[in-house]
Amino acid sequence: MIEQFAKSVDIGLSKPEKTLPSKYFYDKNGDALFVEIMNMPEYYLTRCEMEIFSTQTAALIESFQADKNTYFELIELGAGDGTKTSKLLEALSTEGYQFDYLPVDISKNSLDQLQTSLEQSLPDVSVIPKHGDYFEMLGSIKDSHHPKVVLFLGSNIGNMTDAVASDFLYQLGANLSKGDKLLLGTDLIKSADIVLPAYNDKKGITSEFNINLLHRMNAELGASFDPDEFVHAPEYCIDEGIAKSYLLSARKQSVEIEATGKTYHFKEGEKIHTEISRKYNDDILSKILAKTDFEITQKFTDQNNYFADYLLSR
Ligand code: AVJ
(Lines give C-alpha, C1' and ligand atoms only; values in the text may rest on other atoms or scores of the structure.)
Protein backbone atom coordinates (compact mmCIF):
# COMPACT_ATOMS: atom_id res chain seq x y z
CA MET A 1 0.00 0.00 0.00
CA ILE A 2 2.71 2.49 1.03
CA GLU A 3 4.78 1.56 -2.02
CA GLN A 4 1.87 2.25 -4.32
CA PHE A 5 1.23 5.56 -2.59
CA ALA A 6 4.91 6.55 -2.98
CA LYS A 7 4.91 5.48 -6.59
CA SER A 8 1.86 7.50 -7.57
CA VAL A 9 3.12 10.53 -5.66
CA ASP A 10 6.44 10.30 -7.52
CA ILE A 11 4.72 10.00 -10.89
CA GLY A 12 2.42 12.96 -10.15
CA LEU A 13 5.11 15.27 -8.79
CA SER A 14 7.47 14.47 -11.67
CA LYS A 15 5.02 15.74 -14.31
CA PRO A 16 5.49 19.21 -15.82
CA GLU A 17 2.03 20.02 -14.43
CA LYS A 18 2.18 18.41 -11.00
CA THR A 19 -0.68 16.25 -9.77
CA LEU A 20 -1.52 14.14 -6.71
CA PRO A 21 -4.18 11.41 -6.64
CA SER A 22 -7.33 12.42 -4.74
CA LYS A 23 -7.96 8.93 -3.46
CA TYR A 24 -5.25 9.50 -0.83
CA PHE A 25 -7.31 12.23 0.87
CA TYR A 26 -9.05 9.58 2.91
CA ASP A 27 -6.90 8.64 5.88
CA LYS A 28 -8.38 8.85 9.38
CA ASN A 29 -8.08 12.61 9.46
CA GLY A 30 -9.34 12.98 5.87
CA ASP A 31 -12.37 10.80 6.60
CA ALA A 32 -13.29 13.02 9.55
CA LEU A 33 -12.78 16.17 7.47
CA PHE A 34 -14.98 14.78 4.72
CA VAL A 35 -17.75 14.14 7.26
CA GLU A 36 -17.39 17.81 8.26
CA ILE A 37 -17.55 18.81 4.59
CA MET A 38 -20.81 16.91 4.15
CA ASN A 39 -22.28 18.91 7.03
CA MET A 40 -21.12 22.34 5.81
CA PRO A 41 -23.79 24.80 4.67
CA GLU A 42 -21.94 25.29 1.34
CA TYR A 43 -21.72 21.58 0.48
CA TYR A 44 -25.21 21.19 -1.04
CA LEU A 45 -24.46 17.80 -2.64
CA THR A 46 -25.11 15.63 0.42
CA ARG A 47 -28.28 17.50 1.42
CA CYS A 48 -29.72 17.29 -2.10
CA GLU A 49 -29.07 13.57 -2.42
CA MET A 50 -30.42 13.04 1.09
CA GLU A 51 -33.60 14.86 0.02
CA ILE A 52 -33.96 12.46 -2.92
CA PHE A 53 -33.41 9.45 -0.67
CA SER A 54 -35.87 10.56 1.99
CA THR A 55 -38.67 11.93 -0.19
CA GLN A 56 -38.50 9.39 -3.05
CA THR A 57 -37.61 6.22 -1.16
CA ALA A 58 -40.52 4.17 -2.52
CA ALA A 59 -39.89 5.23 -6.13
CA LEU A 60 -36.20 4.43 -5.79
CA ILE A 61 -36.95 0.96 -4.48
CA GLU A 62 -39.49 0.39 -7.21
CA SER A 63 -36.89 1.33 -9.82
CA PHE A 64 -34.69 -1.56 -8.63
CA GLN A 65 -37.40 -3.93 -9.90
CA ALA A 66 -36.46 -6.40 -7.20
CA ASP A 67 -38.66 -9.39 -6.41
CA LYS A 68 -39.53 -9.82 -2.74
CA ASN A 69 -39.13 -13.58 -3.09
CA THR A 70 -35.69 -13.43 -4.68
CA TYR A 71 -32.54 -12.69 -2.72
CA PHE A 72 -30.40 -9.88 -4.14
CA GLU A 73 -27.21 -8.08 -3.27
CA LEU A 74 -27.14 -4.37 -2.61
CA ILE A 75 -23.56 -3.30 -3.26
CA GLU A 76 -22.42 0.19 -2.41
CA LEU A 77 -19.19 1.49 -3.92
CA GLY A 78 -17.47 4.06 -1.70
CA ALA A 79 -20.00 3.70 1.07
CA GLY A 80 -18.49 6.28 3.43
CA ASP A 81 -20.70 6.82 6.46
CA GLY A 82 -23.79 5.42 4.71
CA THR A 83 -26.26 8.00 6.04
CA LYS A 84 -28.24 8.19 2.79
CA THR A 85 -28.23 4.46 2.30
CA SER A 86 -29.67 3.78 5.74
CA LYS A 87 -32.97 5.33 4.55
CA LEU A 88 -33.06 2.78 1.78
CA LEU A 89 -31.93 -0.13 3.96
CA GLU A 90 -34.62 0.62 6.50
CA ALA A 91 -37.38 0.71 3.87
CA LEU A 92 -36.14 -2.41 2.07
CA SER A 93 -36.00 -4.30 5.33
CA THR A 94 -39.46 -3.23 6.60
CA GLU A 95 -40.97 -4.09 3.25
CA GLY A 96 -39.59 -7.60 3.52
CA TYR A 97 -37.02 -7.66 0.72
CA GLN A 98 -34.37 -10.36 1.01
CA PHE A 99 -30.93 -8.88 0.56
CA ASP A 100 -27.44 -8.42 1.92
CA TYR A 101 -25.82 -5.01 2.05
CA LEU A 102 -22.22 -5.05 0.81
CA PRO A 103 -20.52 -1.69 1.41
CA VAL A 104 -17.17 -1.31 -0.37
CA ASP A 105 -14.78 1.40 0.78
CA ILE A 106 -11.11 2.24 0.57
CA SER A 107 -11.21 3.41 4.19
CA LYS A 108 -11.17 0.50 6.66
CA ASN A 109 -11.87 3.01 9.37
CA SER A 110 -15.14 4.32 7.91
CA LEU A 111 -16.27 0.76 6.99
CA ASP A 112 -15.85 -0.31 10.62
CA GLN A 113 -17.80 2.72 11.82
CA LEU A 114 -20.55 2.05 9.29
CA GLN A 115 -20.87 -1.57 10.35
CA THR A 116 -21.06 -0.66 14.03
CA SER A 117 -23.68 2.02 13.47
CA LEU A 118 -25.84 -0.24 11.27
CA GLU A 119 -25.67 -3.07 13.81
CA GLN A 120 -27.19 -0.61 16.29
CA SER A 121 -29.77 1.10 14.09
CA LEU A 122 -30.80 -1.69 11.71
CA PRO A 123 -29.99 -5.02 13.42
CA ASP A 124 -32.10 -6.98 10.89
CA VAL A 125 -30.01 -5.92 7.91
CA SER A 126 -27.12 -8.22 7.11
CA VAL A 127 -23.99 -6.18 6.38
CA ILE A 128 -20.94 -7.67 4.66
CA PRO A 129 -18.22 -5.00 4.41
CA LYS A 130 -15.57 -5.21 1.68
CA HIS A 131 -12.38 -3.25 2.15
CA GLY A 132 -10.59 -2.05 -0.95
CA ASP A 133 -10.23 0.16 -3.97
CA TYR A 134 -13.39 -0.10 -6.05
CA PHE A 135 -11.51 -0.76 -9.25
CA GLU A 136 -10.01 -3.79 -7.51
CA MET A 137 -13.40 -4.86 -6.15
CA LEU A 138 -14.99 -5.20 -9.58
CA GLY A 139 -13.80 -8.74 -10.14
CA SER A 140 -15.09 -10.06 -6.84
CA ILE A 141 -18.57 -8.71 -7.64
CA LYS A 142 -18.84 -11.26 -10.41
CA ASP A 143 -18.22 -14.25 -8.14
CA SER A 144 -21.81 -14.33 -6.87
CA HIS A 145 -24.63 -15.17 -9.23
CA HIS A 146 -27.42 -13.30 -7.46
CA PRO A 147 -29.21 -10.28 -8.89
CA LYS A 148 -27.48 -7.06 -7.98
CA VAL A 149 -28.24 -3.44 -7.35
CA VAL A 150 -25.10 -1.32 -7.22
CA LEU A 151 -25.10 2.09 -5.54
CA PHE A 152 -22.45 4.62 -6.51
CA LEU A 153 -23.63 7.76 -4.77
CA GLY A 154 -22.53 11.21 -3.72
CA SER A 155 -21.07 12.12 -7.14
CA ASN A 156 -18.09 10.00 -6.19
CA ILE A 157 -17.76 9.25 -9.89
CA GLY A 158 -16.94 12.93 -10.35
CA ASN A 159 -13.38 12.31 -9.17
CA MET A 160 -12.78 10.36 -12.40
CA THR A 161 -12.10 11.91 -15.78
CA ASP A 162 -14.81 11.07 -18.31
CA ALA A 163 -12.49 8.56 -19.98
CA VAL A 164 -11.77 6.80 -16.69
CA ALA A 165 -15.45 6.92 -15.68
CA SER A 166 -16.41 5.36 -18.99
CA ASP A 167 -13.84 2.62 -18.61
CA PHE A 168 -14.89 2.02 -15.01
CA LEU A 169 -18.59 1.76 -15.89
CA TYR A 170 -17.72 -0.50 -18.79
CA GLN A 171 -15.84 -2.82 -16.40
CA LEU A 172 -18.65 -2.65 -13.87
CA GLY A 173 -21.21 -3.55 -16.53
CA ALA A 174 -19.05 -6.44 -17.68
CA ASN A 175 -19.08 -7.82 -14.14
CA LEU A 176 -22.88 -7.58 -13.81
CA SER A 177 -25.67 -9.52 -15.50
CA LYS A 178 -28.60 -8.49 -17.63
CA GLY A 179 -31.28 -6.89 -15.44
CA ASP A 180 -28.84 -5.71 -12.76
CA LYS A 181 -29.08 -2.04 -11.79
CA LEU A 182 -26.78 0.82 -11.00
CA LEU A 183 -27.97 3.87 -9.08
CA LEU A 184 -25.48 6.60 -9.92
CA GLY A 185 -25.39 9.85 -7.91
CA THR A 186 -24.21 12.84 -9.93
CA ASP A 187 -23.87 16.51 -9.14
CA LEU A 188 -25.47 18.52 -11.96
CA ILE A 189 -23.89 21.39 -13.88
CA LYS A 190 -24.86 24.72 -12.40
CA SER A 191 -23.41 28.18 -11.96
CA ALA A 192 -20.13 28.94 -10.21
CA ASP A 193 -21.76 30.94 -7.42
CA ILE A 194 -23.26 27.69 -6.14
CA VAL A 195 -20.55 25.19 -7.04
CA LEU A 196 -17.39 27.04 -6.06
CA PRO A 197 -18.31 27.76 -2.41
CA ALA A 198 -18.92 24.02 -1.95
CA TYR A 199 -15.18 23.57 -2.65
CA ASN A 200 -14.06 26.78 -0.96
CA ASP A 201 -16.03 27.08 2.25
CA LYS A 202 -15.77 30.03 4.63
CA LYS A 203 -14.49 28.00 7.59
CA GLY A 204 -11.65 26.53 5.53
CA ILE A 205 -12.59 22.89 6.06
CA THR A 206 -12.07 22.03 2.38
CA SER A 207 -8.72 23.77 2.54
CA GLU A 208 -7.77 21.58 5.51
CA PHE A 209 -9.02 18.53 3.62
CA ASN A 210 -6.80 19.35 0.63
CA ILE A 211 -3.78 20.24 2.78
CA ASN A 212 -4.25 17.01 4.77
CA LEU A 213 -2.71 15.26 1.77
CA LEU A 214 0.58 17.05 2.57
CA HIS A 215 0.38 15.98 6.23
CA ARG A 216 -0.28 12.43 5.11
CA MET A 217 2.77 12.40 2.82
CA ASN A 218 4.87 13.78 5.66
CA ALA A 219 3.63 11.09 8.05
CA GLU A 220 3.60 8.09 5.72
CA LEU A 221 6.24 8.83 3.11
CA GLY A 222 8.73 10.82 5.20
CA ALA A 223 8.10 13.94 3.13
CA SER A 224 9.18 17.42 4.20
CA PHE A 225 6.19 19.48 3.03
CA ASP A 226 5.56 22.64 5.03
CA PRO A 227 1.73 22.67 5.01
CA ASP A 228 1.74 26.40 5.79
CA GLU A 229 3.55 27.12 2.55
CA PHE A 230 0.79 25.74 0.30
CA VAL A 231 -2.58 27.36 -0.34
CA HIS A 232 -5.88 25.67 -1.25
CA ALA A 233 -6.99 27.10 -4.62
CA PRO A 234 -10.13 25.65 -6.24
CA GLU A 235 -11.45 26.62 -9.69
CA TYR A 236 -14.70 26.04 -11.53
CA CYS A 237 -15.99 27.15 -14.89
CA ILE A 238 -19.55 26.32 -15.92
CA ASP A 239 -18.64 25.70 -19.59
CA GLU A 240 -16.42 22.82 -18.64
CA GLY A 241 -18.52 21.80 -15.62
CA ILE A 242 -15.57 20.55 -13.59
CA ALA A 243 -14.52 21.83 -10.16
CA LYS A 244 -10.75 21.49 -9.77
CA SER A 245 -8.74 21.66 -6.59
CA TYR A 246 -5.14 22.80 -6.45
CA LEU A 247 -2.47 23.30 -3.84
CA LEU A 248 -0.51 26.40 -4.73
CA SER A 249 3.08 26.81 -3.62
CA ALA A 250 3.29 30.09 -1.70
CA ARG A 251 6.99 30.45 -2.51
CA LYS A 252 9.88 28.83 -4.31
CA GLN A 253 10.64 25.71 -2.30
CA SER A 254 12.01 22.17 -2.41
CA VAL A 255 10.54 19.12 -0.75
CA GLU A 256 12.29 15.84 -0.03
CA ILE A 257 10.43 12.56 0.14
CA GLU A 258 12.25 9.68 1.82
CA ALA A 259 10.02 6.98 0.33
CA THR A 260 10.88 8.04 -3.23
CA GLY A 261 14.43 9.13 -2.46
CA LYS A 262 13.89 12.32 -4.46
CA THR A 263 13.65 16.07 -4.08
CA TYR A 264 10.85 17.97 -5.83
CA HIS A 265 11.09 21.65 -6.73
CA PHE A 266 8.24 24.13 -6.67
CA LYS A 267 8.21 27.60 -8.18
CA GLU A 268 6.37 30.41 -6.43
CA GLY A 269 2.70 30.14 -7.47
CA GLU A 270 3.18 26.68 -8.99
CA LYS A 271 0.09 24.51 -8.64
CA ILE A 272 -0.35 20.85 -7.72
CA HIS A 273 -3.60 19.57 -9.15
CA THR A 274 -5.17 17.38 -6.44
CA GLU A 275 -8.75 16.68 -7.50
CA ILE A 276 -11.44 17.00 -10.13
CA SER A 277 -15.13 17.01 -9.22
CA ARG A 278 -17.04 16.61 -12.46
CA LYS A 279 -20.58 17.97 -12.79
CA TYR A 280 -23.02 16.29 -15.17
CA ASN A 281 -26.05 16.61 -17.41
CA ASP A 282 -27.90 13.98 -19.49
CA ASP A 283 -25.66 14.53 -22.53
CA ILE A 284 -22.38 14.19 -20.65
CA LEU A 285 -23.58 11.05 -18.90
CA SER A 286 -24.92 9.53 -22.14
CA LYS A 287 -21.53 10.04 -23.79
CA ILE A 288 -19.79 8.37 -20.84
CA LEU A 289 -22.22 5.46 -21.04
CA ALA A 290 -22.02 5.08 -24.83
CA LYS A 291 -19.57 2.17 -24.88
CA THR A 292 -20.83 0.57 -21.66
CA ASP A 293 -23.63 -1.94 -21.08
CA PHE A 294 -25.74 0.60 -19.22
CA GLU A 295 -28.61 2.75 -20.29
CA ILE A 296 -30.41 5.49 -18.40
CA THR A 297 -33.86 4.30 -17.34
CA GLN A 298 -34.85 6.87 -14.74
CA LYS A 299 -33.66 10.11 -13.21
CA PHE A 300 -34.41 11.27 -9.67
CA THR A 301 -33.65 14.89 -8.82
CA ASP A 302 -34.00 17.16 -5.79
CA GLN A 303 -36.39 20.14 -5.83
CA ASN A 304 -33.67 22.59 -6.88
CA ASN A 305 -32.45 20.33 -9.65
CA TYR A 306 -28.92 20.54 -8.24
CA PHE A 307 -28.32 16.80 -8.01
CA ALA A 308 -29.49 13.66 -9.80
CA ASP A 309 -29.54 9.97 -9.01
CA TYR A 310 -29.70 8.14 -12.33
CA LEU A 311 -31.06 4.63 -12.44
CA LEU A 312 -29.05 2.76 -15.03
CA SER A 313 -30.00 -0.68 -16.28
CA ARG A 314 -27.67 -3.32 -17.54
C1 AVJ B 1 -16.54 12.63 -2.36
C2 AVJ B 1 -15.71 12.99 -4.54
C3 AVJ B 1 -17.98 13.48 -4.06
O4 AVJ B 1 -15.78 15.83 -5.23
O5 AVJ B 1 -17.46 16.68 -4.18
C6 AVJ B 1 -15.49 17.36 -1.36
C7 AVJ B 1 -14.94 15.12 -2.50
N8 AVJ B 1 -13.59 17.21 -2.33
N9 AVJ B 1 -14.83 18.53 -1.22
C10 AVJ B 1 -16.52 15.90 -4.25
C11 AVJ B 1 -14.69 16.53 -2.07
C12 AVJ B 1 -13.68 18.44 -1.81
C13 AVJ B 1 -16.29 14.92 -3.10
N14 AVJ B 1 -16.60 13.51 -3.52
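As the structure lists them, so they are numbered: ligands from 1, and atoms in each ligand from 1.
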**Study point:** Aromatic Y246 / basic K271 pairing, under 6.0 angstrom, 45° off normal
**Key:** yes

Point to revise | Polar contact flag for Y199 and ligand 1 (N/O pairs, less than 3.5 Å) | key: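 There is such a contact, yes.
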
Review point. Does an N or O from S277, backbone or side chain, lie closer than 3.5 Å to an N or O of ligand 1?
Key: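 N/O-N/O distance under 3.5 Å: yes.
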
Considering heavy atoms of the protein only, find what lies nearest to [atom] and give residue, atom and distance to 0.1 Å.
atom	result
atom 1 (C) of ligand 1	N156 OD1, 3.2 Å
atom 10 (C) of ligand 1	Y43 OH, 3.3 Å
atom 3 (C) of ligand 1	G154 O, 3.0 Å

Practice item. Decide yes or no on side-chain hydrogen bond (donor to acceptor under 3.5 Å, both in side chains) for N210 and S245, but give the supporting numbers first. Key: CA-CA 8 Å; N210 203 7; S245 285; 4.6 Å; no

If you count the atoms of ligand 1 from 1 in the order shown, which ones are under 4.0 Å from a heavy atom of [X]?
X	value
N159	2 (C), 4 (O)
S155	3 (C)
Y26	1 (C), 7 (C)

Exercise for review: Determine whether L172 and F294 make a side-chain contact, defined as any pair of heavy atoms from C-beta on separated by less than 4.5 Å.
Suggested key: yes

Check your understanding: When you check the gap from the basic side-chain N to the acidic O, do K287 and D162 get nearer than 4.0 Å?
Key -> no

Check your understanding: Are E42 and K202 close enough for a salt bridge, meaning some N to O gap below 4.0 Å?
Key ->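 Looking at K202 together with E42, the answer is no, because their closest N to O distance does not fall below 4.0 Å.
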
Review point. What do you reckon, is CD of E62 surrounded by more than 12 foreign heavy atoms closer than 6.0 Å?
Key: no

Check your understanding: Would you say the side-chain atoms of E235 pair up with the backbone N or O of K244, donor to acceptor, closer than 3.5 Å?
Key ->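 Checked: no pair found.
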
Practice item. Please state whether G158 comes within less than 4.0 angstrom of ligand 1, counting heavy atoms only. Key: no

Review point. Considering E49, R278, E275, which one's heavy-atom position lies nearest to atom 12 (C) of ligand 1?
Key: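 Among E49, R278, E275, the closest heavy atom to atom 12 (C) of ligand 1 belongs to E275.
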
